[in-house]
There are 2 protein chains.
Amino acid sequence: MPTASAGAAAASAFAAHDHARCAAETLAQAEAVAVAAGLRLTPVRRRTLEILLESHRALGAYEVLDRLAAEGFGRQPPVAYRALDFLVDAGLAHRVQRLNAFAACMHPGRAHQPVFLICRSCNAVAEVPAAAVHAAVAAAAPPGFAVERVTAEAVGLCASCRGAAA
Amino acid sequence: MPTASAGAAAASAFAAHDHARCAAETLAQAEAVAVAAGLRLTPVRRRTLEILLESHRALGAYEVLDRLAAEGFGRQPPVAYRALDFLVDAGLAHRVQRLNAFAACMHPGRAHQPVFLICRSCNAVAEVPAAAVHAAVAAAAPPGFAVERVTAEAVGLCASCRGAAA
DNA sequence: GATTGACCTGTTACAGTATCACATACCATA
DNA sequence: TATGGTATGTGATACTGTAACAGGTCAATC
Ligand SMILES: [Zn+2]
Ligand SMILES: [Zn+2]
Ligand SMILES: [Zn+2]
Ligand SMILES: [Zn+2]
């Protein structure tokens, strides 16, 4: 089976899809990325990523922490923050500034400059590639300013929530 | 003198400029906007805006609160948050998500979809118009997703800090 | 085998950010 | 004056994030 299947599954946060497979494939990709980079996906870190992958939502650090503590891991904030920071640094998760929360990366390994789409009704978060957005930001900056990192997040209504409201 | 003077002053967060005039003009514009919209720029609110206008930086809520308290206003968090929320709702200030902080709007009144440029060295924050960025985000969203609000923030090095580093 | 050192996990304590709940003051207008 | 809406002040509390330190694991090295 070609890699197209993984790509297709990961692209569908706002569409009905086989999420168990979506999560499993993304986790497998993440593991491969970690191995390739010489990073250790230890039990806490792996479990944290699995928790994030359970849904296409962004979870607060303390939400993750509660889950970890219930499963026998530490129950102090640094436990969750360290695991989450590791995942973010490794490119396996992203921080959603607007929500002070974290979401699993749906395209681990590939260089990507994600834009996040947040549904204000169902709280789903989708990660879409948007090199054009980053280019537009760089173009908007004054000549002397060297853009290093861009965060772009949009709030709105997903298709199904829009349908439900009507 | 045409309005070009105000525009020129406001556009120069990362350039040397007469900031006293820059701040005074922006404050005057903000007052006009508030009057036109039937909003009350009360003493706390006005002073809060003045504090934000003192520099082209984003200030944390508690930083603002300390200033307000020192000047005889209330010293409880809601005092600052209410004033800041009012200014944001009125379009006279913006929240910088990345910094959990607030900055005065440099183009009050005009409809604008700002992008923020944050210098990681001197902490200056510039607000540049970037309709193209928002168009790019809308274009990147899947067909069913209705984008309502976009926040775009870039971290980097401003011209003068880049010069100082070299 | 013992030692070292890097890294990981866990803890305590605390700092920073944001909101709730309620009381009070102010202001417009009937 | 009475009344209702808006704005402000206060205390308490919830939420988010970090510093600093202690012990454990593991592999490389002596
Ligand atoms: Zn999925
Ligand atoms: Zn939705
Ligand atoms: Zn200025
Ligand atoms: Zn700078």
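For the pair B/Arg82 CZ and D/dT10 C1', the interatomic distance rounds to 9 Å; values are reported in whole Å. For the pair A/Arg75 CZ and C/dA13 P, the computed distance is 16 Å after rounding to whole Å. One interatomic measurement links the two molecules: OH of A/Tyr81 to P of C/dT9, which rounds to 18 Å at whole-angstrom precision. Regarding B/Asp66, its CG atom lies at a distance of 13 Å from the C1' atom of C/dT17, rounded to whole Å. In this structure, A/Asp85 atom CG and C/dT9 atom P are separated by 13 Å, rounded to whole Å. Between B/Phe86 atom CZ and D/dA7 atom P there is a gap of 7 Å when expressed in whole angstrom units. As a whole-Å value, the separation of B/Leu65 CG from D/dG9 C1' is 12 Å. For the pair B/Leu68 CG and D/dA7 P, the computed distance is 17 Å after rounding to whole Å.
Between A/Phe102 and A/Ala61, the closest heavy-atom pair is CE1-CB, 4.2 Å. In this structure, A/Ala138 and A/Val147 approach most closely via the heavy-atom pair CA-CG2, 4.2 Å.
Rounding to the nearest 0.5 angstrom, the gap separating the CG atom in A/Leu92 from the CE atom in A/Met106 is 11.0 Å. Expressed to the nearest 0.5 Å, how far CZ of B/Arg67 lies from CD of B/Glu50 amounts to 10.0 Å. Atom CG of B/Leu49 is separated from atom OG1 of B/Thr26 by 8.5 Å, given to the nearest 0.5 angstrom.
Of the two residues contacting DNA chain D, namely A/Ala61 and B/Pro77, the nearest-nucleotide position lying further toward the 5' end is that of B/Pro77. Of the two residues contacting DNA chain C, namely A/Pro78 and B/Ala101, the nearest-nucleotide position lying further toward the 5' end is that of A/Pro78. DNA chain D is contacted by both A/Gly60 and B/Gly74; B/Gly74 maps to the nucleotide lying nearer its 5′ end (nearest heavy atom per residue).
Among C/dC20, C/dC8, D/dT18, the nucleotide with an atom closest to any side-chain atom of A/Thr42 is C/dC8. The A/Asn100 side chain lies nearest to D/dG17 when the options are D/dT10, C/dT11, D/dG17. With D/dT8, D/dG11, C/dC8 as the choices, the nucleotide that has an atom nearest any side-chain atom of B/Val44 turns out to be D/dT8.
Residue ring and base: B/Tyr62 counts as stacked with C/dT17 (centre distance below 5.5 Å, interplanar angle below 30°).
A/Phe73 comes within 4.0 angstrom of the backbone, heavy atoms only, and of no base.
Taking side-chain N and O atoms only, B/Gln76 has no distance below 4.0 Å to OP1 or OP2 of D/dA12. Applying the 4.0 Å criterion to OP1 and OP2 of C/dA18, one finds that B/Arg95 has a side-chain N or O inside that range. In this structure, B/Arg45 reaches the D/dA7 phosphate: one of its side-chain N or O atoms is under 4.0 Å from OP1 or OP2.
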